[in-house]
Asks: 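Here's a structure for you.
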Amino acid sequence: MARSATLLADVCCCIAQRRKSAIERVSVTEVFTDCACTACGCVCDDLSLHVNNQHIVAVEQACSLAESWLLGLAVEQENSTRIDGASASFADAVTEAARILSQSRAPLIAGFATSSTDGQRAAVQLAKTLRATIDASASRFHAASTLATQNVGASTASLGEVKNRADLIVYWGCDPVESHPRHFSRFVDSAGMFIPGGRADRHVVVIDAEQTATSKLADQFIQVKPGDDFKLITALRSAVKGEVALEKVGDLTNRLMLCQYGAIFYGPGIARQCAPQSTVEALLRLVTELNAHTRCVAQQLGKATGADEVLTWLTGFPLCVNFAQGYPRYNPQEFCANVLLERGEVDSVVFAGSDTICGLSEDAQKRLEQLPVIVLDRTQQNYAFSPSVEFTMAIDGVHRSGTSYRMDHVPIPLRAILPSSLPSDAEILAAIEQALSNES
Ligand code: SF4
């Protein structure tokens with residue numbers, strides 16, 4: 001009796017131990033260090049992600065924007081591949097997308113601004129095959145800024161150089177505390193090689209139409225009426241050239257000319273109620289003129305820039321490229337996605353990333369209601385139009401490794417942290433291309 005009781009106790013103990021080790025196995029948390037975040041153009045690559053049971057359970061170094069995004073990622077993304085709103089298999093969706101595109105005479109490929117290099121490369125390849133137009137600019141302001149840079153040139157620097165050298169930082173028409181939450185702490189607050197005191201050694205100026213979260217952290221806030229930015233830039237240029245002595249801009253002019261190293265970050269707010277391209281051109285000319293007196297650089301505070309890079313390697317042009325003649329033709333006035341949609345000059349669209357759709361004008365968005373649209377997105381969205389085919393794709397930097405280009409054009413490697421059965425955008429586009437070649 002006593003022996004059988006001992007045996008039972010041993011068995012119970014053994015079961016309890018097995019259970020305990022099973023629980024421990026499930027709750028083992030793996031920590032991935034030096035992970036990159038693609039939620040904004042800073043592409044911070046120093047995050048630590050704690051993964052438990054194929055789920056991100058904690059993040060270190062992340063800002064609130066990244067934290068809510070990463071912790072909110074579902075364990076397994078819902079596969080919402082659809083044809084005309086109804087669930088469909090991946091193979092059927094690929095076949096339908098290929099059918100639409102093979103019947104199209106003027107397809108447009110747009111978005112892909114926040115994709116990884118592989119997705120962008122596949123988008124260019126598909127545009128070549130289809131003799132389509134591809135415009136992957138991150139926003140209309142981003143396109144205007146790119147064109148301004150082409151017209152007048154730009155003095156730029158990596159964010160690392162700004163951190164190490166800049167003693168004057170100007171944020172013009174942008175609010176990084178809200179849009180790029182770690183920009184200030186990583187590149188302004190931190191000590192640099194030649195800026196040992198960090199924030200204490202830098203003078204920070206914010207120029208905007210109204211107080212912002214960033215202006216509250218700045219040493220100086222200069223309020224300009226919406227639309228007066230161009231006038232202020234012109235006044236500064238005159239003052240830098242010594243043509244006029246303007247008291248109102250005298251202090252800023254002196255700071256810009258007498259600093260050791262100035263960095264101006266600008267955003268869409270610089271062109272409120274004025275032509276974005278001319279305004280950015282004027283700013284870039286100001287920066288060029290300042291370089292006669294000191295070192296000064298300008299940088300758009302925007303999204304990742306990989307789409308510009310990949311299009312430029314593969315076609316020679318950064319945006320608005322048309323392959324209708326069998327070779328790349330560049331004309332931003334003619335082949336801009338927004339313009340083509342507004343004019344009704346396309347008969348099908350492939351889009352990646354719903355944020356690009358939000359950046360289109362109202363008329364261009366309305367046009368999408370009348371076209372067959374193939375959408376690739378990270379999660380199922382409620383669009384204002386009815387897509388013909390929808391794919392849910394794996395997320396680069398979470399489910400797939402790759403490369404993303406930071407806002408300063410520095411390539412940052414992305415790691416795969418979680419498994420996903422969903423295809424990446426590159427895989428979806430390659431499957432469509434394969435289906436097209438099977439058809440022909
Ligand atoms: S600043 Fe941008 S890239 Fe950096 S952690 Fe926040 S959202 Fe991610």
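What you see is a predicted model, and the numbers here were worked out from it, not measured in a lab. In listed order, ligands and their atoms are each counted from 1.
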Asks: Just checking, any donor-acceptor pair under 3.5 angstrom between side chains of Tyr171 and Ser215?
Replies: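 There is no such pair between these side chains.
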Asks: Quick test of your reading of the model: are Arg329 and Glu334 salt-bridged, counting only N-O distances below 4.0 Å?
Replies: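 Salt bridge flag = no for Glu334 with Arg329.
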Asks: May I ask you to check whether Glu30 and His50 show a side-chain donor-acceptor distance below 3.5 Å?
Replies: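 Distance-only check fails for Glu30 and His50.
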Asks: Using a 4.0 Å cutoff against the non-hydrogen atoms of Val43, which atoms of ligand 1 qualify?
Replies: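 Taking each heavy atom of Val43 in turn, ligand 1 has 3 (S) under 4.0 Å.
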Asks: I'd like to verify the contacts: list protein N, O or S atoms under a distance of 2.8 Å from atom 6 (Fe) of ligand 1.
Replies: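 The answer, once waters are left aside, is Cys63 SG.
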Asks: Check for a donor-acceptor pair, side chain of Ser185 on one end and backbone N or O of Arg182 on the other, with a separation under 3.5 Å.
Replies: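 Confirmed, Ser185 side chain pairs with Arg182 backbone.
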Asks: Give a yes or no on whether a salt bridge exists between Arg367 and Glu342, defined as a side-chain N under 4.0 angstrom from a carboxylate O.
Replies: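 The answer is no: the pair does not qualify as a salt bridge.
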Asks: Between Arg272 and Asp208, is there a side-chain N and carboxylate O pair less than 4.0 Å apart?
Replies: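 The answer is yes: the pair qualifies as a salt bridge.
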